[in-house]
Amino acid sequence: MSLLIKLIKGKEEKEKEFNTPLSAKDTLRELGIKDKDIKKVVAVKVNGIPRDLSFQIEENSEIEPIYIDSEEGLEILRHSTAHVMAQAVKRLFPEAKVAIGPAIKDGFYYDFDYERPFREEDLPKIEEEMHKIIQEDYPFIRKEISREEAIRFFESKGEIYKVELLKEISDEKVSLYTQGEFTDLCRGPHIPSTGMIKAFALTHTAGAYWRGDERNPMLSRIYGTAFPDKKSLQEHLKRIEEAKKRNHVILGQKLELFSVHEEIGAGLIVWHPNGAMLRYILESFEIEEHLKRGYELVKGPELLKTELWKRSGHFDNYRENMYFTVIDEQSYGIKPMNCLAHMFIYASKIRSYRDLPQRYFELGTVHRHEKSGVLHGLLRVREFTQDDAHIICTPEQLEGEIKGVLNFVKDVMAIFGFEYELELSTRPEKSIGSDEDWERATNALVSAMEELGLSYDINEGEGAFYGPKIDVKLEDALGRKWQCATVQCDFTLPERFDLYYIGKDGEKHRPAMIHRVILGAIERFIGILIEHYNGAFPVWLSPVQAVVMSITDRHIPYGQQVLEALRQNKIRAKGDFRNEKLGYKVREAQTKKIPYMLIIGDKEVEENKVTVRLRGGENIPLMSVFDIIERIKKETKERR
């Protein structure tokens with residue numbers, strides 16, 4: 001028996017014939033990979049399929065090592081660490097039942113059913129037991145058995161969640177992985193042994209419904225992370241600590257921006273004066289930028305008849321995210337999107353090809369039925385406002401309009417200081433429209449990105465149900481990715497709502513439609529901005545740009561004159577004329593991250609000036625009121 005094995009290592013390729021089957025690890029060694037490099041390999045791809053290093057290669061194959069510091073390697077390391085955590089939990093809490101434990105972005109989690117929720121104080125004890133398991137260096141051993149045999153095995157262990165999963169699997173055979181005394185249902189692959197785990201940490205606990213369904217039992221989730229080395233782990237943990245300091249929910253309360261109240265309802269935001277002002281600034285900025293680019297302001301109702309949602313396809317494809325009500329025996333849907341009213345505006349009169357494109361912009365409030373378990377501050381809410389626009393154009397104009405949107409995104413993200421990347425999402429299983437229309441729409445998006453020289457990733461099957469889309473993922477100050485802007489291309493809804501224009505030939509033609517947002521949900525974008533800037537907004541965005549402070553009561557009259565001058569020049573200012581020590585007032589203003597503190601004392605009154613202190617602690621010599629007004633106005637105009 002002769003086997004031809006081809007090694008693929010980056011751009012390098014190497015072939016060798018073998019007389020007998022070998023494990024993947026031995027094959028790598030025979031193909032010339034040194035032992036010190038093999039120690040960095042967690043698994044291999046055999047003909048494109050990830051496999052354990054112990055996998056026996058018995059046919060002609062291409063083999064590619066998966067290194068521990070690669071994206072796939074980190075995922076395997078973290079998933080293996082999740083198994084070790086589950087083993088430690090079972091040792092310490094034998095009555096706990098295990099559910100699922102996948103690798104996720106930047107880490108892993110495992111869900112457990114125990115008589116009480118796991119708490120933060122449990123984590124050091126679990127970590128200590130994990131260290132013992134790692135030192136014991138158990139190999140991860142894969143075993144394939146029949147599904148029925150696996151069901152009997154887990155039933156004997158009382159692992160009801162594994163049994164439930166197995167009963168839904170159609171495969172006749174399943175794989176189990178064992179390390180030491182712990183066995184788990186898993187497809188794999190895994191690292192060779194527990195001793196390969198060099199750097200991990202358990203980060204926090206949370207509650208999670210089994211399978212994400214609030215009708216199911218609430219389980220206890222433990223989160224953790226793992227890295228190839230301690231330095232990478234420490235850098236990650238520092239980022240986590242910084243993220244905690246920047247938590248927008250905590251800062252939102254401290255800066256008096258917003259609040260959420262159980263009495264009002266989950267996912268429903270109450271905007272305080274500072275937060276409402278921040279929204280106003282952003283929304284005014286958005287209106288100005290859209291008008292500059294030829295958009296027209298429109299406004300649609302928040303209730304539309306259910307028949308329209310059926311006609312659009314939302315009822316069949318999106319209704320689990322919608323709210324419905326009945327008025328005078330007529331069913332209505334509360335809008336989760338703004339597109340339907342915009343199409344009615346377009347259809348309100350006959351359009352010529354000379355009238356296109358039509359660009360409709362709405363700061364539209366929408367409602368979506370999000371499960372309570374996923375709601376979080378401003379980042380996931382049930383009521384939010386989108387900077388939503390729909391561009392209706394001829395098919396020939398489509399690519400140019402998409403490029404216009406991508407350039408719009410570029411301009412706006414530069415103002416906020418965000419780097420970003422693009423992702424093309426293609427047709428999902430649950431969708432409407434013809435293959436031809438989906439291909440036309442996808443090609444238009446791809447062509448626009450390539451014409452602009454933009455690189456992009458492909459996210460298979462994650463498009464909207466009515467068309468493919470480009471998602472813009474911005475990167476904040478901590479390197480985290482956030483999906484905000486999106487550009488969706490649609491030939492289907494114009495067909496369903498019989499939109500047309502009169503072409504040069506005098507005949508009716510079907511237009512194309514672009515659905516797009518720039519910031520996305522205003523609520524979500526504000527949450528991102530709070531964390532990105534750590535609450536210290538640039539001067540142009542700050543709800544309060546300056547606070548005027550008096551040292552004693554005799555300085556209040558002049559302080560009030562300064563405050564009035566600021567407000568007359570459209571500077572967002574407040575006065576702090578309380579009978580408190582100046583140091584206290586300054587510290588409070590710094591805590592609220594107000595950019596400018598204007599201090600009024602005897603010298604300032606005498607010279608008709610102000611002393612300026614910046615929120616970072618720097619002092620500026622005496623300035624005239626005119627000069628400080630011009631400085632703040634300049635920063636506002638330049639959006640600094």
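These figures come from a predicted structure and were not determined experimentally.
- The two residues I632 and A546 come nearest to each other via the heavy atoms CD1-CB, 4.2 Å.
- If you take OG1 on T203 and CG on L237, they are separated by 8.5 Å, rounding to the nearest 0.5 Å.
- Residues F418 and H532 are in side-chain contact: their nearest non-hydrogen atoms beyond the backbone lie under 4.5 Å apart.
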(message) If you apply the rule side chain to side chain contact (heavy atoms under 4.5 Å, CB included), what do you find for I334 with L303, and how did you get there?
(response) CA-CA 5 Å; I334 301 173; L303 283 177; 3.5 Å; yes
(message) Please determine whether side chain to side chain contact (heavy atoms under 4.5 Å, CB included) holds for the pair K592 and V544, giving the CA-CA distance in whole Å, both sets of side-chain angles, and the decisive distance to 0.1 Å.
(response) CA-CA 9 Å; K592 292 182 178 179; V544 180; over 6 Å; no
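- Formation of a donor-acceptor pair under 3.5 Å by the K585 side chain with backbone atoms of R578 is found in this model.
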(request) Show your working on salt bridge (Lys or Arg N to Asp or Glu O under 4.0 Å) between E241 and K238 and close with a plain yes or no. (result) CA-CA 5 Å; E241 284 305 307; K238 283 180 183 176; over 6 Å; no
(request) For side chain to side chain contact (heavy atoms under 4.5 Å, CB included), just list the numbers for D387 and F285, CA-CA rounded to whole Å, side-chain angles, deciding distance to a tenth of an Å, and then say yes or no. (result) CA-CA 11 Å; D387 61 340; F285 160 75; over 6 Å; no
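- Judged by distance alone, the side chain of R279 and the main-chain N or O of E523 form no donor-acceptor pair under 3.5 Å.
- Formation of a donor-acceptor pair under 3.5 Å by the N407 side chain with backbone atoms of G404 is not found in this model.
- The side-chain heavy atoms of E451 and K403, taken from C-beta on, include a pair separated by under 4.5 Å.
- H367 is not listed as a side-chain neighbour of R382, based on a closest heavy-atom distance of 4.5 Å or more.
- You'll find the side chain of L445 reaches within 4.5 Å of the side chain of P468, heavy atoms only.
- A cation-pi contact, defined as under 6.0 Å to the ring centre and within 45° of the axis, is absent between R78 and F108.
- The two residues T611 and I620 have their closest heavy-atom pair at CG2-O, 4.2 Å.
- Using a cutoff of 4.0 Å between basic side-chain nitrogens and carboxylate oxygens, E370 and R368 are not scored as salt-bridged.
- Here the side chains of E286 and E289 are not in contact, with every heavy-atom distance at 4.5 Å or above.
- A distance-only check finds a donor-acceptor pair linking the side chain of T486 to the backbone of I470 [under 3.5 Å].
- Panel note: side chain N569, backbone I571; no donor-acceptor pair is recorded below 3.5 Å.
- In this structure, the side chain of D229 engages the main chain of K231 through a donor-acceptor pair within 3.5 Å.
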(message) Go through it in stages, so that I can follow the logic: the residues are V260 and V270, the test is side chain to side chain contact (heavy atoms under 4.5 Å, CB included), and I'd like the CA-CA distance, side-chain angles, deciding distance and then a yes or no.
(response) CA-CA 6 Å; V260 182; V270 176; over 6 Å; no
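- Proximity of V562 to I628: side-chain heavy atoms (C-beta onward) are nowhere separated by under 4.5 Å.
- For Q253 and S259, the side-chain atoms include no donor-acceptor pair closer than 3.5 Å.
- Counted by atom type alone, E564 and Q568 present one or more donor-acceptor pairs between their side chains at under 3.5 Å.
- Contact between Y318 and M337 at its shortest, heavy atoms only, is CZ-CE, 3.8 Å.
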(message) Using the rule given for salt bridge (Lys or Arg N to Asp or Glu O under 4.0 Å), can you reason through D471 versus K469, listing the C-alpha separation, both sets of side-chain angles and the distance that settles it, and then say yes or no?
(response) CA-CA 6 Å; D471 285 327; K469 60 178 179 170; 3.6 Å; yes
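- Looking at Y558, its side chain does come within 3.5 Å of a backbone N or O of K609 through a donor-acceptor pair.
- Side-chain contact check for Y360 and Q358: at least one donor-acceptor pair (N or O, by modelled atom type) lies under 3.5 Å.
- Legend: residues meeting side chain to side chain donor-acceptor pair (under 3.5 Å) with N274, ordered by chain and number and at least two apart, are absent.
- Contact between K593 and G535 at its shortest, heavy atoms only, is CD-C, 3.3 Å.
- Here the straight-line distance linking atom CE of M85 with atom CZ of F112 works out to 4.5 Å at 0.5 Å rounding.
- Pairing each heavy atom of Y110 with each of A82, the nearest pair is CD1-O, 3.5 Å.
- With no hydrogens or angles considered, a side-chain donor-acceptor pair links E450 and Y456 at under 3.5 Å.
- For the ring-ring contact (aromatic ring centres under 6.0 Å, His included) with F416, the lone residue among Y533, W540, F537, W482 that qualifies is W540.
- The stretch residues 612-632 participates, sequence neighbours left out, in these salt bridge (Lys or Arg N to Asp or Glu O under 4.0 Å) pairs: E630-K633.
- Residues passing the side chain to side chain donor-acceptor pair (under 3.5 Å) test with H390 are H342, H515, sequence neighbours excluded.
- Shortest non-hydrogen contact noted between R524 and L379 is NH1-O, 3.5 Å.
- Using bins of under 30°, 30° to 60° and over 60° for the plane-to-plane angle, the ring pair Y114/F118 lands in the parallel bin.
- Using modelled atom types, no side-chain atom of R640 and backbone atom of V539 make a donor-acceptor pair closer than 3.5 Å.
- Of the inter-residue distances, the one linking I629 atom CD1 with M623 atom CE reads 10.0 Å to the nearest 0.5 angstrom.
- Counting non-hydrogen atoms of other residues, nucleotides and ligands closer than 6.0 Å to CD of E320 gives a total above 12.
- Judged by distance alone, with hydrogens and angles left aside, the side-chain atoms of E462 form no donor-acceptor pair with the main-chain N or O of S425 at under 3.5 Å.
- Side chain of H131 to main chain of E128: no donor-acceptor pair is present (N/O by atom type, distance under 3.5 Å, no hydrogens or angles).
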